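Just so we're on the same page: letters track the sequence lines, and every chain starts at 1. If you're wondering where the values come from, they're calculated on a predicted model, not measured in any experiment.
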Amino acid sequence: MTNLSLLTESMITRAKELGADLVKASASRSEVREFNVDGGRFSLFRTLFNQSVSITVFKGGRKGSASVNRFDEEAVNKVIADALAAADSSQPDEAWDLCHEPNSYDITDGCPIADTDLLFTRTEELKNTIAKDYPKVLLEQMIVDHSGFEAVTRTSYGAHFKRRGGSYQVSLMFSAHEGEKASSFMGAGFTTDSLDTPFIELADTRRALADIEKQIDTEAIEGKFVGTMVLTPDSLGEFFGSALSNFTSDISIIDGTSIWKNALGTKVADERLTIGMNPRDPRIVGGSYATGEGFMAENYNVIENGILKTFMLSLYAANKTGHTRAPNDGFDMIIEGGDTPYDEMIASIDKGIIVGRFSGGAPNAKGDFSGVAKNSFLVENGKITKALRETMINGNLADLFTSIISISKETTVNGGSVLPSISFSGITVSGK
Amino acid sequence: MLNDTLTKFKGSFAPGAHIELRAQHNTTAAVSLFCGNQVGNASSNTSGVSARAFKNGVWGFSSAADLSDEAVKNVLRAATDNAIFLDGKVGNKPITLPAIKEGSYRSPVFTTPCEQKRYTEFCRELDDYISKKYPSLASRFVSSRYECMEKLLVTSDGYTSHSYAPRSYIYVQLSAEGKDASPIELFEPYGGMGVFDENFTDPALLFPKIDALYEKVMQKREGVFPEAGTKTVILDGMLSGMLAHEAVGHTVEADLVLGGSVAAHSLNQRVASDLVTLVDFAHTAFGESAPLPVYVDDEGTPCEDAVIIDKGILTGYLNNRESALHFGMKPQGNARAYLFSDEPLIRMRNTAILPGKDSLADMIASVEDGYYLIDTNNGQADTTGEFMFGVCMGYEIKNGKLGRAILDTTISGVAFDMLKTVDMVSDEMVWASSGYCGKKQPMPVGMGGPAIRCKVTMGGR
């Protein structure tokens, strides 16, 4: 079996011999075991065996990359030559760089080896529990897998990262039915490194299934109103993810279109809001230990008590703009629970909407969003009164951060994020 | 090019078993320039072999990143073992797939992609043109992407095939500062099926298209927010194609029908006005090659057109061999896989509403107060047929004449309700093929249509 450390070391040596100034080489092998349920019945069991090598070279400030999923000498030499040829055709840009420190780790974490029989048992148990406890729900598709891997990355500055790991992932898509009446579809999912707990009890799975059964009979609202919007953990992650991408990431900071481009160190959000990007949080499964540029990954807050602390920039964008790079390049979003129980949050709403899923266009650079509120409920006088259809919501992503009413005590942990529900004021809700 | 190392294993397939054996090589090359900075410059090669076996209603699948005889034997054995494992756990009643006719297909042309520097040089010439001619733009993005799927397929019955499907595109995005300092953006892809050098011989040939795109950005810069509510609109071909794919095509994919889509209860019923006929073309449309032709699918089924809506009546679903057996329909070649390590899923190919007899000019003249919606930057639809499309370019129509450009908006509706409001269909087709359809795996697809006059809900401010 190919030694990945030796392979990547030889790739760096070879690329430098051929003229590269800086090199990053990665190699990995992986195994996947996956069960599929389609239309409520088991349909597929598959086992996948893959491998990959990739290389990025810098030559006179020019960058080129190439990858192939073979380890033989001919393929590896070609991928090195392809990356160098790409770099030769590029233009020099002094902003490209790698971490100059020879960082290293050698880690085994998660569950590298699958327990296939227990994975099937847990999958079948989930399918049967849904059929028993949520009889109106039809599982359109369920994908449950175990991914195990061994990966090595090295740089010409001496960084050497070795990791062996694995995790189980569950992804559900479902709808509820009564005769010919049907709800919209809804998704749920999580990542875990343990099969100790029945899948139905993980993340927000039970709430999502219970909600969809209440969404078979939906009504459109007449006219429009301005009221409160509650984002569930799933939709909150989507909205805040979109906002942070729009306002703090490479492209919008480099071209200066971010509306937060001059807001570092200033208040951009309600002071109760802190957003962390924490791959090293114990609740995150499979979080990164190093960035793609060779720095050790560290937890950090993008927003802390309402203050914008940093942009989410790569080393390239940081060098390009003079700002500081982000301490990790993942998106493991953590927002701790607040002080309002979820039921109290709903009970305090005069008129508003709970949004379980958002189907809308990508917000523009200014942050304006407009789209259909899916899997959503109308709240009137503190009570959920109806499930909604054909209801549009309009607002602005930046305004969301400053219009927080309350943050729920309860959080949802799905292996990739920790998020509460949050209620916001001033959202335009329109019906037919 | 892949050598045929698979056919010799056909004799070792278990008698009576349905087996698919596929070797595949995916190639990509991508370059991107953002405001003149080369932020993307990479290529990839992904190859391997996979096998899939059917047993009593369940499938076993296995793949390996290796094309050796040993790898072929291993994936054949593992796929069979996986089918036996799952069948043993599930305990279905015995079932076999009906046989389909045997044959073979081989792509007529295999060509070699160009060197990476060709993409960079081409994009740079376009970028230089834009930066010199339009220096006031806030930002510009020029990128190219080439990809090719080569597949070698041997099945226990049906067609064997050796197919080669290259496509290459240039994407240009221009962004100007709007009245309130917010960016006004438009994006356009150019290209289609074929290797890069076939599709793009000279950057100067794209300059007029870039000029037209810039002109639209300037019009949009002066644009107004549309009025919200139910409106009479003319959806141009990009949007009717999006509707055909997202809001209708997905709901009639048989796996989603079995998962409870709206089409489960609509077969042989009226779902659109009788002006609407909607077809998933296999490889040839209107006497010419479809944008992304498919001749044999990854289950060995020879591809033919699938008529989904015929004069307003829902007449069929898109099937694989198993779902076709379930619904008593004929498989028409819709089972496709993206990578060697992907199993075939039911996918669309080139899905389009057919053109009608009206002229676009007459259609615009017929609208007293509405909108002409031309381009979309995204679209999503539900299994209920409820859809939402982003509209990034359009104009007001006032008293039968085009008015001001509009700013970004959304349209929404329920497909089988909205299609019943179609009362005019133009006589010209627009095709798009630069995107991917997402459904567990990505997949290149074509979509298209004429302009249609209908009623939709417009989002406003």
Side-chain angles (χ1 to χ4, degrees), chain A residues 35 38-39 41-51 63-70 79 82 85-91 93 120 124 138-141 143 173 175 177 180 182-185 251 254-255 257 316 320 359-362 364-366 370-372 374 389-390 392 394 430 432, chain B residues 34-35 37-39 41-48 57-65 78 82-83 85-86 89-90 115-117 120-121 124 138-139 175 182-183 185 228 230 255-256 258-260 262 265 341 343 377-378 380 382-384 386 388 390 408-410 412 414 440 457 459 461:
Chain A
F35 294 104
D38 284 287
R41 65 174 190 86
F42 276 99
S43 58
L44 172 70
F45 173 37
R46 62 180 198 152
T47 49
L48 316 176
F49 302 88
N50 206 352
Q51 61 198 24
K63 181 187 177 187
S65 302
S67 66
V68 68
N69 67 336
R70 287 166 54 188
V79 87
D82 285 349
D88 284 337
S89 70
S90 185
Q91 59 164 5
D93 189 335
F120 178 84
E124 186 177 43
L138 176 54
L139 264 180
E140 294 181 15
Q141 186 168 63
I143 301 169
M173 193 173 94
S175 52
H177 298 258
E180 292 194 5
S183 71
S184 294
F185 73 78
I251 294 292
I254 291 176
D255 73 4
T257 56
Y316 172 78
K320 206 79 184 163
S359 173
N364 63 20
K366 202 174 152 193
S370 171
V372 181
K374 308 288 294 183
R389 67 179 156 83
E390 297 179 76
M392 298 201 71
N394 293 31
S430 2
K432 295 286 278 185
Chain B
F34 172 59
C35 295
N37 300 301
Q38 186 150 3
V39 293
N41 188 13
S43 61
S44 73
N45 281 276
T46 307
S47 59
V58 297
W59 295 90
F61 180 93
S62 187
S63 68
N82 290 347
F85 174 93
L86 195 54
K89 295 281 189 185
V90 174
E115 292 180 10
Q116 186 83 6
K117 69 177 180 183
T120 295
E121 289 166 354
R124 180 142 313 278
S139 70
S175 178
S182 62
E185 295 173 344
T230 302
D255 49 346
L256 295 190
L258 289 166
V262 63
H265 307 293
S341 52
E343 75 280 13
N377 50 5
N378 66 82
Q380 298 158 19
D382 204 301
T383 46
T384 59
E386 190 176 5
M388 189 296 308
D408 289 347
T409 187
T410 54
S412 60
V414 177
K440 190 179 181 190
T457 303
R461 224 180 183 182

Problem set entry | Interatomic spacing from OG1 in Thr384(B) to CZ in Phe185(A) - rounded to 0.5 Å | 8.5 Å
Exercise. Does the pair Thr47(A) and Ser62(B) meet the rule for a side chain to side chain donor-acceptor pair (under 3.5 Å), with working shown?
Worked result: CA-CA 5 Å; Thr47(A) 49; Ser62(B) 187; 3.2 Å; yes
Exercise. How long is the gap from OG on Ser183(A) to CG on Asp382(B), to the nearest 0.5 Å?
Worked result: 8.0 Å
Problem set entry | Contact origin within Ile251(A) toward chain B - heavy atom pairs under 4.5 Å | both
For this session: Might you work through the salt bridge (Lys or Arg N to Asp or Glu O under 4.0 Å) test for Arg46(A) and Glu343(B), ending with a clear yes or no?
Result: CA-CA 9 Å; Arg46(A) 62 180 198 152; Glu343(B) 75 280 13; 2.8 Å; yes
Problem set entry | Under 3.5 Å donor-acceptor, Asn69(A) side chain and Ser47(B) backbone | yes
For this session: Mind ranking Met173(A), Lys374(A), Arg389(A) by heavy-atom pairs under 4.5 Å with chain B and telling me who comes out on top?
Result: Lys374(A)
For this session: Tell me, out of Ala138(B), Gly260(B), Ser139(B), who's got the most heavy-atom pairs with chain A below 4.5 Å.
Result: Gly260(B)
Problem set entry | Ser412(B) portion near chain A, given a 4.5 angstrom heavy-atom threshold | side chain
Seminar exercise, completed: Residues at least two apart in sequence or cross-chain that pass side-chain contact (heavy atoms from CB on, under 4.5 Å) with Ser90(A), listed by chain then number, are Arg62(A), Gln38(B), Asn41(B)
Problem set entry | Residue among Asn378(B), Leu258(B), Thr457(B) with most heavy-atom pairs under 4.5 Å to chain A | Asn378(B)
For this session: Name the member of Thr46(B), Leu256(B), Asn82(B) that forms the most heavy-atom pairs with chain A at distances under 4.5 Å.
Result: Asn82(B)
Exercise. Would you call the rings of Phe120(A) and Phe85(B) parallel, tilted or perpendicular, where under 30° means parallel and over 60° means perpendicular?
Worked result: perpendicular
Exercise. Given that the side chain runs from C-beta out, which part of Ser430(A) has a heavy atom under 4.5 Å from chain B: side chain, backbone, both or neither?
Worked result: neither
Seminar exercise, completed: Of Lys117(B), Met388(B), Gln116(B), Arg124(B), the largest count of non-hydrogen pairs under 4.5 angstrom with chain A goes to Met388(B)
Problem set entry | Residue part contacting chain B, namely of Ala85(A), when any heavy atom lies under 4.5 Å | neither
Exercise. Measuring heavy-atom distances to chain A, does Val262(B) have an atom under 4.5 Å in its side chain, in its backbone, in both, or in neither?
Worked result: neither
For this session: Would you mind checking which part of Thr120(B) comes under 4.5 Å of any heavy atom in chain A, side chain (CB onward), backbone (N, CA, C, O), both or neither?
Result: side chain
Seminar exercise, completed: Note: vs chain A, highest number of non-hydrogen pairs under 4.5 angstrom among Ser63(B), Ala42(B), Gly57(B) is Ser63(B)
Problem set entry | Gap between atom SG of Cys35(B) and atom CG of Asp255(A) - 0.5 Å precision | 5.5 Å
Problem set entry | Over 12 foreign heavy atoms within 6.0 Å of CD, Gln91(A) | yes
Exercise. Is the NZ atom of Lys89(B) crowded by more than 12 outside heavy atoms at less than 6.0 Å?
Worked result: yes
For this session: Specify which of Glu124(A), Gln141(A), Lys320(A) makes the most heavy-atom pairs with chain B at under 4.5 Å.
Result: Lys320(A)
Problem set entry | For Ser44(B), side-chain contact (heavy atoms from CB on, under 4.5 Å) partners two or more places apart | Ser67(A), Thr28(B)
Exercise. Hey, which of Gly39(A), Ser43(A), Ala182(A), Gly371(A) has the most heavy atom pairs under 4.5 Å with chain B?
Worked result: Ser43(A)
For this session: Sort Thr383(B) into side chain, backbone, both or neither according to what part of it lies under 4.5 angstrom from a heavy atom of chain A.
Result: both
Exercise. Taking every heavy-atom pair that is under 4.5 Å apart, which of Gly390(B), Ala65(B), Ser175(B), Gly48(B) has the most such pairs with chain A?
Worked result: Ala65(B)
Problem set entry | Side chain / backbone / both / neither for Asn37(B) at chain A, heavy atoms under 4.5 Å | both
Problem set entry | Interface moiety of Asn50(A) toward chain B, non-hydrogen atoms closer than 4.5 Å | both
Seminar exercise, completed: If one checks every heavy atom of Thr230(B) against chain A at 4.5 Å, the contacting part turns out to be neither
Exercise. Tell me, side chain or backbone of Asn377(B) under 4.5 Å from chain A's heavy atoms, or both, or neither?
Worked result: neither
Exercise. Which pair of non-hydrogen atoms, one from Ser370(A) and one from Met392(A), has the smallest distance, and what is that distance?
Worked result: OG-CE, 3.9 Å
